Q: 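Below: one structure in C-alpha coordinates.
Keep in mind it's a predicted model, so treat the numbers as computed, not measured. So you know, we letter chains A, B, ... as the sequences are listed, proteins then strands, and number each from 1.
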Amino acid sequence: MDKSTIVCRCEEITVEDIASAVSQGAETFDDVKRLTRCGMGLCQAKTCRIVISELIAEMKAKSAADISVPRLRMPLRPVPIGVLAANTASGSFVRSTLAEAEPDEGQEK
Amino acid sequence: MSREYETVIIGGGVIGSGIAYHLSESKSDGILVIDKNFPLSGSSGSTQAWVWVHTKTPSWYGEFSMYSSELYGYLHRKIGDIEFIRTGGICPFFSENEREHAKSLAESQAQVGIEIQVLDRDEVLAREPALSDKVLGATYSRIDGNVNPMRLVEQYMKAAKINGVTYEYYNKVTDIEKKQGSFLVTTEKGLFTCKNLVLSAGVWTHEVGKMLGLDIPVHPVRGQVMITEPLAPFMKYTLDGLRQASNGEVLIGYSREEAGFDRSTSLDFIGSTANFALALVPDLAKAKIVRSFSGLRVMPKDEFPILGPIPGIENLYIAAMHSGITLSPLAGTLISELITEGETSIPIERYSITRFA
(Lines give C-alpha, C1' and ligand atoms only; values in the text may rest on other atoms or scores of the structure.)
Protein backbone atom coordinates (compact mmCIF):
# COMPACT_ATOMS: atom_id res chain seq x y z
CA MET A 1 0.00 0.00 0.00
CA ASP A 2 1.24 3.47 -0.78
CA LYS A 3 -0.12 6.56 0.89
CA SER A 4 -2.83 7.08 -1.72
CA THR A 5 -4.25 3.57 -1.37
CA ILE A 6 -7.95 3.72 -0.47
CA VAL A 7 -8.59 1.64 2.66
CA CYS A 8 -12.21 2.67 3.33
CA ARG A 9 -14.10 2.30 0.06
CA CYS A 10 -17.42 3.77 1.19
CA GLU A 11 -15.89 7.06 2.23
CA GLU A 12 -12.76 6.93 0.03
CA ILE A 13 -10.32 7.28 2.90
CA THR A 14 -6.64 6.75 2.10
CA VAL A 15 -3.67 5.42 4.07
CA GLU A 16 -2.46 8.99 4.27
CA ASP A 17 -5.74 10.13 5.85
CA ILE A 18 -5.38 7.46 8.53
CA ALA A 19 -1.77 8.49 9.16
CA SER A 20 -2.82 12.11 9.52
CA ALA A 21 -5.39 11.22 12.19
CA VAL A 22 -2.89 9.08 14.08
CA SER A 23 -0.32 11.87 13.95
CA GLN A 24 -2.88 14.17 15.60
CA GLY A 25 -3.09 11.81 18.58
CA ALA A 26 -5.92 9.44 17.63
CA GLU A 27 -5.37 5.99 19.13
CA THR A 28 -8.46 3.87 18.54
CA PHE A 29 -10.46 2.94 15.46
CA ASP A 30 -13.27 5.19 16.70
CA ASP A 31 -10.89 8.14 17.21
CA VAL A 32 -9.66 7.75 13.64
CA LYS A 33 -13.21 7.23 12.42
CA ARG A 34 -14.42 10.51 13.87
CA LEU A 35 -11.57 12.46 12.27
CA THR A 36 -11.62 10.79 8.85
CA ARG A 37 -15.08 9.17 8.49
CA CYS A 38 -13.44 5.79 7.76
CA GLY A 39 -15.96 3.08 8.59
CA MET A 40 -18.88 5.55 8.79
CA GLY A 41 -20.27 4.75 5.35
CA LEU A 42 -22.72 2.25 3.98
CA CYS A 43 -20.80 -0.86 5.06
CA GLN A 44 -20.28 0.45 8.63
CA ALA A 45 -16.67 -0.82 8.74
CA LYS A 46 -17.58 -4.36 7.74
CA THR A 47 -15.12 -4.12 4.83
CA CYS A 48 -12.38 -1.90 6.23
CA ARG A 49 -12.22 -2.80 9.91
CA ILE A 50 -9.34 -5.25 9.78
CA VAL A 51 -7.14 -3.42 7.33
CA ILE A 52 -7.56 -0.11 9.15
CA SER A 53 -7.01 -1.68 12.58
CA GLU A 54 -3.79 -3.21 11.26
CA LEU A 55 -2.69 0.14 9.88
CA ILE A 56 -3.35 1.92 13.17
CA ALA A 57 -1.52 -0.85 15.05
CA GLU A 58 1.48 -0.55 12.73
CA MET A 59 1.58 3.24 13.07
CA LYS A 60 1.31 2.97 16.86
CA ALA A 61 3.77 0.03 17.05
CA LYS A 62 1.11 -2.07 18.76
CA SER A 63 -0.48 -5.41 18.02
CA ALA A 64 -3.68 -5.27 15.93
CA ALA A 65 -5.36 -7.19 18.75
CA ASP A 66 -4.82 -4.14 20.97
CA ILE A 67 -6.80 -1.84 18.68
CA SER A 68 -10.37 -1.98 20.00
CA VAL A 69 -13.10 -2.69 17.45
CA PRO A 70 -15.26 0.22 16.33
CA ARG A 71 -18.56 0.63 18.11
CA LEU A 72 -21.32 -1.22 16.28
CA ARG A 73 -24.36 0.83 15.41
CA MET A 74 -27.95 -0.29 15.06
CA PRO A 75 -29.48 -1.40 12.75
CA LEU A 76 -26.21 -3.12 11.64
CA ARG A 77 -27.29 -3.24 8.02
CA PRO A 78 -29.26 -0.60 6.12
CA VAL A 79 -33.03 -0.80 6.70
CA PRO A 80 -35.62 1.47 5.00
CA ILE A 81 -37.29 4.04 7.25
CA GLY A 82 -40.70 2.83 6.04
CA VAL A 83 -39.93 -0.62 7.43
CA LEU A 84 -38.74 0.70 10.77
CA ALA A 85 -41.85 2.87 11.09
CA ALA A 86 -44.36 0.20 10.07
CA ASN A 87 -43.49 -2.00 12.99
CA THR A 88 -43.88 0.69 15.59
CA ALA A 89 -46.95 1.84 17.43
CA SER A 90 -47.68 5.55 17.24
CA GLY A 91 -46.56 7.87 19.97
CA SER A 92 -43.31 9.65 19.91
CA PHE A 93 -40.02 10.08 21.63
CA VAL A 94 -39.23 12.89 19.28
CA ARG A 95 -39.62 16.41 20.58
CA SER A 96 -39.89 19.77 18.95
CA THR A 97 -37.81 22.79 19.89
CA LEU A 98 -40.72 24.97 18.79
CA ALA A 99 -43.12 23.25 21.20
CA GLU A 100 -40.53 23.54 23.97
CA ALA A 101 -39.85 27.24 23.44
CA GLU A 102 -41.32 29.47 26.13
CA PRO A 103 -41.76 32.99 24.79
CA ASP A 104 -41.29 35.84 27.27
CA GLU A 105 -44.42 36.97 29.05
CA GLY A 106 -43.77 40.69 29.01
CA GLN A 107 -42.07 41.41 32.34
CA GLU A 108 -39.17 39.03 31.91
CA LYS A 109 -36.37 40.58 29.91
CA MET B 1 8.19 16.87 39.52
CA SER B 2 5.32 18.73 37.94
CA ARG B 3 5.21 20.46 34.60
CA GLU B 4 4.17 24.11 34.75
CA TYR B 5 1.60 25.86 32.63
CA GLU B 6 -0.09 29.20 32.98
CA THR B 7 -3.51 27.75 32.16
CA VAL B 8 -4.80 24.18 32.27
CA ILE B 9 -8.11 23.34 30.59
CA ILE B 10 -9.75 20.09 31.67
CA GLY B 11 -11.71 18.64 28.76
CA GLY B 12 -10.87 19.05 25.08
CA GLY B 13 -14.32 18.87 23.50
CA VAL B 14 -15.92 21.68 21.60
CA ILE B 15 -16.01 23.95 24.67
CA GLY B 16 -12.51 23.16 26.02
CA SER B 17 -10.88 23.26 22.61
CA GLY B 18 -12.83 26.40 21.75
CA ILE B 19 -11.49 28.08 24.88
CA ALA B 20 -7.95 26.82 24.17
CA TYR B 21 -8.07 28.21 20.65
CA HIS B 22 -9.50 31.61 21.61
CA LEU B 23 -7.11 31.98 24.53
CA SER B 24 -4.15 31.04 22.32
CA GLU B 25 -4.99 33.93 20.01
CA SER B 26 -3.85 36.35 22.70
CA LYS B 27 -1.51 34.24 24.84
CA SER B 28 0.90 32.29 22.72
CA ASP B 29 2.09 29.68 25.16
CA GLY B 30 1.55 28.13 28.55
CA ILE B 31 -1.78 26.50 27.71
CA LEU B 32 -2.43 22.81 28.30
CA VAL B 33 -5.61 20.88 27.47
CA ILE B 34 -6.09 17.55 29.26
CA ASP B 35 -8.61 15.03 27.91
CA LYS B 36 -9.42 11.68 29.47
CA ASN B 37 -9.95 10.16 26.01
CA PHE B 38 -9.57 11.71 22.60
CA PRO B 39 -11.71 14.77 21.84
CA LEU B 40 -14.97 13.95 20.00
CA SER B 41 -15.36 10.68 21.91
CA GLY B 42 -17.98 12.32 24.14
CA SER B 43 -20.82 14.77 23.56
CA SER B 44 -19.05 16.92 20.95
CA GLY B 45 -18.83 14.02 18.51
CA SER B 46 -22.37 12.74 18.91
CA THR B 47 -24.68 15.54 17.90
CA GLN B 48 -26.71 16.81 14.96
CA ALA B 49 -24.58 19.95 15.35
CA TRP B 50 -27.15 22.58 14.59
CA VAL B 51 -25.99 26.11 15.13
CA TRP B 52 -29.39 26.96 16.46
CA VAL B 53 -30.93 30.14 17.80
CA HIS B 54 -34.50 30.98 16.97
CA THR B 55 -36.37 28.75 19.45
CA LYS B 56 -33.93 29.38 22.31
CA THR B 57 -35.87 31.03 25.13
CA PRO B 58 -36.19 33.18 27.22
CA SER B 59 -35.18 35.89 24.78
CA TRP B 60 -32.03 36.72 26.81
CA TYR B 61 -30.81 33.18 26.19
CA GLY B 62 -31.83 33.44 22.53
CA GLU B 63 -29.80 36.64 22.34
CA PHE B 64 -26.77 34.92 23.87
CA SER B 65 -27.07 32.09 21.32
CA MET B 66 -27.43 34.63 18.52
CA TYR B 67 -24.17 36.36 19.46
CA SER B 68 -22.37 33.03 19.32
CA SER B 69 -23.94 32.08 16.02
CA GLU B 70 -22.86 35.42 14.56
CA LEU B 71 -19.23 34.55 15.38
CA TYR B 72 -19.33 31.48 13.16
CA GLY B 73 -18.81 33.24 9.85
CA TYR B 74 -15.64 34.80 11.22
CA LEU B 75 -14.46 31.58 12.90
CA HIS B 76 -14.82 29.75 9.62
CA ARG B 77 -12.30 32.12 8.07
CA LYS B 78 -9.87 31.93 11.00
CA ILE B 79 -9.54 28.23 11.77
CA GLY B 80 -10.32 26.74 8.36
CA ASP B 81 -13.14 24.80 6.81
CA ILE B 82 -15.60 23.53 9.39
CA GLU B 83 -18.44 23.02 6.89
CA PHE B 84 -20.49 25.71 8.56
CA ILE B 85 -23.60 26.58 6.56
CA ARG B 86 -26.17 29.17 7.57
CA THR B 87 -29.04 27.26 6.00
CA GLY B 88 -31.80 29.01 7.87
CA GLY B 89 -33.91 27.08 10.36
CA ILE B 90 -37.48 25.87 9.92
CA CYS B 91 -39.79 24.53 12.64
CA PRO B 92 -42.87 23.12 10.92
CA PHE B 93 -46.13 22.79 12.81
CA PHE B 94 -49.16 20.61 12.21
CA SER B 95 -51.88 22.14 14.41
CA GLU B 96 -53.54 25.56 14.51
CA ASN B 97 -52.85 26.26 18.17
CA GLU B 98 -49.15 26.01 17.38
CA ARG B 99 -49.54 28.94 15.01
CA GLU B 100 -50.44 31.22 17.93
CA HIS B 101 -47.48 29.87 19.88
CA ALA B 102 -45.24 30.53 16.86
CA LYS B 103 -46.48 34.12 16.63
CA SER B 104 -45.83 34.84 20.28
CA LEU B 105 -42.34 33.34 19.91
CA ALA B 106 -41.68 35.60 16.92
CA GLU B 107 -42.80 38.66 18.91
CA SER B 108 -40.80 37.75 21.96
CA GLN B 109 -37.57 37.01 20.04
CA ALA B 110 -37.94 40.20 17.97
CA GLN B 111 -37.25 42.20 21.15
CA VAL B 112 -33.63 41.03 21.05
CA GLY B 113 -33.21 41.17 17.28
CA ILE B 114 -33.87 37.53 16.37
CA GLU B 115 -35.93 37.71 13.20
CA ILE B 116 -38.55 35.00 12.89
CA GLN B 117 -41.15 34.76 10.17
CA VAL B 118 -44.27 32.71 10.73
CA LEU B 119 -44.84 31.05 7.36
CA ASP B 120 -48.17 29.77 6.14
CA ARG B 121 -48.50 26.37 4.50
CA ASP B 122 -47.77 27.53 0.93
CA GLU B 123 -44.80 29.58 2.04
CA VAL B 124 -43.14 26.76 3.93
CA LEU B 125 -43.78 24.27 1.11
CA ALA B 126 -42.32 26.75 -1.38
CA ARG B 127 -39.14 26.92 0.69
CA GLU B 128 -38.87 23.23 1.46
CA PRO B 129 -40.94 21.20 -1.02
CA ALA B 130 -39.91 17.87 0.53
CA LEU B 131 -42.01 18.62 3.64
CA SER B 132 -45.29 16.80 4.14
CA ASP B 133 -48.28 18.57 2.56
CA LYS B 134 -50.06 18.12 5.90
CA VAL B 135 -47.91 20.93 7.31
CA LEU B 136 -49.92 23.99 8.36
CA GLY B 137 -47.07 26.43 8.71
CA ALA B 138 -43.67 26.96 10.26
CA THR B 139 -41.40 29.37 11.99
CA TYR B 140 -38.44 30.37 9.87
CA SER B 141 -35.30 32.26 10.79
CA ARG B 142 -32.35 32.91 8.55
CA ILE B 143 -29.95 32.88 11.50
CA ASP B 144 -29.90 29.10 12.08
CA GLY B 145 -27.58 26.64 10.41
CA ASN B 146 -25.32 23.74 11.06
CA VAL B 147 -21.68 22.73 11.15
CA ASN B 148 -19.63 19.55 10.95
CA PRO B 149 -18.77 18.93 14.63
CA MET B 150 -15.80 16.70 13.80
CA ARG B 151 -14.24 19.35 11.56
CA LEU B 152 -15.03 22.04 14.12
CA VAL B 153 -13.21 20.37 17.01
CA GLU B 154 -10.38 19.17 14.79
CA GLN B 155 -9.82 22.68 13.41
CA TYR B 156 -9.99 24.22 16.89
CA MET B 157 -7.31 21.73 18.01
CA LYS B 158 -5.12 22.26 14.96
CA ALA B 159 -5.30 26.04 15.22
CA ALA B 160 -4.65 25.90 18.97
CA LYS B 161 -1.60 23.67 18.49
CA ILE B 162 -0.21 26.00 15.82
CA ASN B 163 -0.54 28.78 18.41
CA GLY B 164 1.48 26.72 20.90
CA VAL B 165 -1.21 24.93 22.90
CA THR B 166 -0.23 21.49 24.26
CA TYR B 167 -2.69 18.60 24.41
CA GLU B 168 -2.60 15.58 26.69
CA TYR B 169 -4.85 12.80 25.35
CA TYR B 170 -5.91 9.64 27.16
CA ASN B 171 -4.88 11.19 30.42
CA LYS B 172 -7.50 11.34 33.12
CA VAL B 173 -7.36 13.94 35.86
CA THR B 174 -7.50 12.13 39.19
CA ASP B 175 -7.03 14.93 41.70
CA ILE B 176 -6.87 18.70 41.93
CA GLU B 177 -5.35 20.63 44.82
CA LYS B 178 -5.63 24.38 45.32
CA LYS B 179 -2.32 25.84 46.53
CA GLN B 180 -1.32 29.41 47.27
CA GLY B 181 -1.57 31.09 43.86
CA SER B 182 -1.67 27.87 41.88
CA PHE B 183 -3.38 24.56 41.26
CA LEU B 184 -1.73 21.16 41.37
CA VAL B 185 -3.42 18.85 38.88
CA THR B 186 -2.72 15.14 39.27
CA THR B 187 -3.33 12.95 36.24
CA GLU B 188 -2.75 9.32 35.36
CA LYS B 189 0.42 10.36 33.51
CA GLY B 190 1.89 12.95 35.83
CA LEU B 191 1.54 16.21 37.73
CA PHE B 192 0.87 19.67 36.35
CA THR B 193 0.82 23.04 38.07
CA CYS B 194 -0.98 26.06 36.72
CA LYS B 195 -2.12 29.52 37.70
CA ASN B 196 -5.50 29.37 35.91
CA LEU B 197 -7.72 26.32 35.78
CA VAL B 198 -10.73 25.89 33.47
CA LEU B 199 -13.31 23.18 34.04
CA SER B 200 -14.86 22.26 30.69
CA ALA B 201 -15.28 18.53 31.09
CA GLY B 202 -18.83 18.40 29.73
CA VAL B 203 -20.95 15.72 31.38
CA TRP B 204 -17.97 14.83 33.57
CA THR B 205 -17.74 18.36 35.02
CA HIS B 206 -19.60 17.28 38.14
CA GLU B 207 -17.01 14.55 38.76
CA VAL B 208 -14.12 16.96 38.19
CA GLY B 209 -15.70 19.58 40.45
CA LYS B 210 -15.82 17.13 43.33
CA MET B 211 -12.01 17.09 43.31
CA LEU B 212 -12.20 20.72 44.42
CA GLY B 213 -15.01 20.12 46.88
CA LEU B 214 -17.59 21.63 44.51
CA ASP B 215 -21.04 20.33 43.76
CA ILE B 216 -21.49 21.45 40.14
CA PRO B 217 -25.09 20.71 39.12
CA VAL B 218 -24.57 19.15 35.69
CA HIS B 219 -25.89 15.79 34.57
CA PRO B 220 -26.19 13.85 31.28
CA VAL B 221 -29.40 13.85 29.24
CA ARG B 222 -29.38 11.39 26.39
CA GLY B 223 -30.39 12.16 22.83
CA GLN B 224 -30.64 9.62 20.04
CA VAL B 225 -30.09 10.31 16.37
CA MET B 226 -30.33 8.11 13.31
CA ILE B 227 -28.65 8.61 9.96
CA THR B 228 -29.64 7.63 6.44
CA GLU B 229 -27.48 6.52 3.56
CA PRO B 230 -26.27 9.46 1.46
CA LEU B 231 -29.17 10.80 -0.64
CA ALA B 232 -29.14 13.26 -3.51
CA PRO B 233 -29.43 16.79 -2.10
CA PHE B 234 -33.14 17.51 -1.66
CA MET B 235 -33.40 19.62 1.50
CA LYS B 236 -31.96 23.08 1.99
CA TYR B 237 -32.87 24.05 5.52
CA THR B 238 -32.05 22.86 9.02
CA LEU B 239 -35.40 21.52 10.24
CA ASP B 240 -36.55 21.10 13.81
CA GLY B 241 -35.33 17.52 14.36
CA LEU B 242 -33.91 16.75 10.94
CA ARG B 243 -31.26 17.97 8.54
CA GLN B 244 -29.45 16.83 5.43
CA ALA B 245 -25.68 17.04 5.71
CA SER B 246 -23.51 18.21 2.85
CA ASN B 247 -22.50 14.60 2.08
CA GLY B 248 -26.16 13.70 1.52
CA GLU B 249 -26.84 11.82 4.76
CA VAL B 250 -29.98 12.87 6.62
CA LEU B 251 -29.66 13.16 10.41
CA ILE B 252 -32.93 12.59 12.23
CA GLY B 253 -34.05 12.87 15.83
CA TYR B 254 -34.39 15.16 18.80
CA SER B 255 -35.04 13.40 22.08
CA ARG B 256 -34.30 13.76 25.77
CA GLU B 257 -33.93 10.81 28.12
CA GLU B 258 -32.62 10.43 31.63
CA ALA B 259 -30.34 7.44 31.16
CA GLY B 260 -27.28 8.31 33.21
CA PHE B 261 -24.09 7.71 31.25
CA ASP B 262 -25.65 4.92 29.16
CA ARG B 263 -25.03 5.67 25.50
CA SER B 264 -26.97 2.80 23.97
CA THR B 265 -29.54 3.31 21.27
CA SER B 266 -32.94 1.67 21.59
CA LEU B 267 -35.41 0.10 19.19
CA ASP B 268 -38.40 2.02 20.56
CA PHE B 269 -36.58 5.24 19.80
CA ILE B 270 -35.66 4.12 16.29
CA GLY B 271 -39.27 3.20 15.52
CA SER B 272 -40.56 6.45 16.96
CA THR B 273 -37.98 8.47 15.05
CA ALA B 274 -38.87 6.66 11.84
CA ASN B 275 -42.52 7.70 12.39
CA PHE B 276 -41.42 11.26 13.01
CA ALA B 277 -39.30 11.29 9.83
CA LEU B 278 -42.21 10.06 7.70
CA ALA B 279 -44.66 12.54 9.19
CA LEU B 280 -42.25 15.38 8.39
CA VAL B 281 -40.76 14.22 5.07
CA PRO B 282 -42.83 11.36 3.54
CA ASP B 283 -40.34 10.77 0.73
CA LEU B 284 -37.92 9.38 3.29
CA ALA B 285 -39.88 6.09 3.45
CA LYS B 286 -37.51 4.36 1.07
CA ALA B 287 -34.35 5.91 2.46
CA LYS B 288 -32.28 3.42 4.40
CA ILE B 289 -31.03 3.99 7.91
CA VAL B 290 -27.34 3.12 8.06
CA ARG B 291 -26.69 3.74 11.71
CA SER B 292 -27.93 5.37 14.87
CA PHE B 293 -26.06 6.84 17.80
CA SER B 294 -26.75 8.47 21.10
CA GLY B 295 -25.05 11.40 22.74
CA LEU B 296 -25.12 12.83 26.23
CA ARG B 297 -26.21 16.42 26.54
CA VAL B 298 -24.40 18.42 29.19
CA MET B 299 -27.38 19.52 31.24
CA PRO B 300 -27.05 22.10 34.02
CA LYS B 301 -29.78 21.88 36.63
CA ASP B 302 -31.74 24.86 35.25
CA GLU B 303 -30.65 24.04 31.68
CA PHE B 304 -28.76 27.34 31.15
CA PRO B 305 -24.99 27.60 30.68
CA ILE B 306 -22.74 27.69 33.72
CA LEU B 307 -20.07 30.11 32.62
CA GLY B 308 -17.55 32.34 34.32
CA PRO B 309 -15.32 32.49 37.38
CA ILE B 310 -16.04 30.29 40.39
CA PRO B 311 -16.13 32.69 43.33
CA GLY B 312 -14.14 31.71 46.39
CA ILE B 313 -11.41 29.91 44.45
CA GLU B 314 -9.10 32.35 42.75
CA ASN B 315 -8.38 31.81 39.02
CA LEU B 316 -10.85 28.97 38.67
CA TYR B 317 -13.27 29.11 35.74
CA ILE B 318 -16.10 26.94 34.51
CA ALA B 319 -17.77 26.47 31.13
CA ALA B 320 -20.44 23.76 31.19
CA MET B 321 -23.49 23.83 28.93
CA HIS B 322 -25.62 21.95 26.45
CA SER B 323 -25.76 23.37 22.91
CA GLY B 324 -21.98 23.60 23.10
CA ILE B 325 -21.75 23.52 19.31
CA THR B 326 -23.83 26.70 19.01
CA LEU B 327 -22.18 28.37 22.00
CA SER B 328 -18.50 27.42 21.68
CA PRO B 329 -17.28 30.53 19.80
CA LEU B 330 -18.86 32.79 22.41
CA ALA B 331 -17.91 30.66 25.43
CA GLY B 332 -14.33 30.52 24.12
CA THR B 333 -14.22 34.28 23.61
CA LEU B 334 -15.69 35.09 27.03
CA ILE B 335 -13.48 32.76 29.07
CA SER B 336 -10.42 34.07 27.20
CA GLU B 337 -11.44 37.62 28.03
CA LEU B 338 -11.86 36.71 31.69
CA ILE B 339 -8.41 35.12 31.85
CA THR B 340 -6.56 37.82 29.90
CA GLU B 341 -8.46 40.95 30.95
CA GLY B 342 -10.46 39.99 34.01
CA GLU B 343 -13.73 41.14 32.46
CA THR B 344 -16.02 40.21 29.61
CA SER B 345 -17.30 42.23 26.65
CA ILE B 346 -20.90 41.28 27.40
CA PRO B 347 -22.41 40.69 30.84
CA ILE B 348 -22.41 37.05 31.93
CA GLU B 349 -23.47 37.38 35.59
CA ARG B 350 -26.71 35.60 34.73
CA TYR B 351 -24.70 32.48 33.92
CA SER B 352 -22.68 32.44 37.14
CA ILE B 353 -22.56 29.24 39.18
CA THR B 354 -23.54 31.34 42.20
CA ARG B 355 -27.21 31.14 41.11
CA PHE B 356 -27.34 27.60 42.49
CA ALA B 357 -26.07 28.56 45.94
Q: Can you say whether the rings of B:Y254 and B:W50 are parallel (under 30°), tilted (30 to 60°) or perpendicular (over 60°)?
A: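 The arrangement is tilted - the two ring planes meet at 30° to 60°.
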
Q: Answer with side chain, backbone, both or neither: which region of B:E257 has an atom nearer than 4.5 Å to a non-hydrogen atom of chain A?
A: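 For B:E257, the contact with chain A is made by the side chain alone.
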
Q: Between B:N37 and chain A, with a heavy-atom cut-off of 4.5 Å, which part of the residue counts as in contact: side chain, backbone, both or neither?
A: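 Neither; nothing under 4.5 Å.
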
Q: If you apply the rule salt bridge (charged side-chain N to carboxylate O under 4.0 Å, His left out), what do you find for B:D81 with B:R151, and how did you get there?
A: CA-CA 7 Å; B:D81 188 10; B:R151 289 286 82 76; over 6 Å; no

Q: Go through the atoms of B:F93 and report whether side chain, backbone, both or neither lie under 4.5 Å from a heavy atom of chain A.
A: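 Just the side chain, heavy atoms under 4.5 Å.
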
Q: Most heavy-atom pairs under 4.5 angstrom with chain A, which of B:F269, B:W52, B:Y167, B:Y170?
A: B:Y170

Q: Taking every non-hydrogen pair under 4.5 Å, which of B:K56, B:E154, B:E107 racks up the most with chain A?
A: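 Ranked by heavy-atom pairs under 4.5 Å with chain A, first place is B:E154.
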
Q: Compute the centroid of each ring, for B:F304 and then for B:F64, and state whether the two points are separated by less than 6.0 Å.
A: no

Q: So which part of B:F293 gets closer than 4.5 Å to some heavy atom of chain A, the side chain, the backbone, both or neither?
A: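 For B:F293, the contact with chain A is made by backbone and side chain together.
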
Q: Considering only heavy atoms, which portion of B:I227 lies under 4.5 Å from any heavy atom of chain A: side chain, backbone, both, or neither?
A: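 No part of B:I227 comes within 4.5 Å of chain A.
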
Q: Output the option from B:C91, B:A102, B:G241 having the highest count of non-hydrogen pairs under 4.5 Å with chain A.
A: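 With the most close heavy-atom pairs to chain A, the winner is B:C91.
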
Q: With a cut-off of 6.0 Å (strictly less than), are more than 12 heavy atoms of other residues, nucleotides or ligands near NZ of A:K3?
A: no

Q: Please state whether the side chain, the backbone, both or neither of B:S264 comes within less than 4.5 Å of a heavy atom of chain A.
A: backbone

Q: Which atoms of B:Q109 are under 4.5 Å from chain A, going by heavy atoms: the side chain, the backbone, both sets, or neither?
A: neither

Q: Applying side chain to side chain donor-acceptor pair (under 3.5 Å), name anything that partners B:S292, two or more places apart in sequence or on another chain.
A: none

Q: Using 4.0 Å as the upper bound for N to carboxylate O, is an ion pair formed by B:R291 and B:E249?
A: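 Salt bridge present between B:E249 and B:R291.
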
Q: Given heavy-atom pairs under 4.5 angstrom as the criterion, report whether the side chain, backbone, both or neither of B:K161 touches chain A.
A: side chain

Q: Would you please test B:T273 and B:I270 for side-chain contact (heavy atoms from CB on, under 4.5 Å) and show each step?
A: CA-CA 5 Å; B:T273 303; B:I270 288 176; 5.8 Å; no

Q: Specify which of B:I252, B:V153, B:L284 makes the most heavy-atom pairs with chain A at under 4.5 Å.
A: B:L284

Q: Most heavy-atom pairs under 4.5 angstrom with chain A, which of B:V290, B:D240, B:T228?
A: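 It is B:D240.
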
Q: Would you confirm whether B:D35, through its side chain, and B:G12, through its main-chain N or O, come within 3.5 Å as a donor-acceptor pair?
A: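 Checking the backbone N and O of B:G12 against the side chain of B:D35, a donor-acceptor pair under 3.5 Å is found.
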
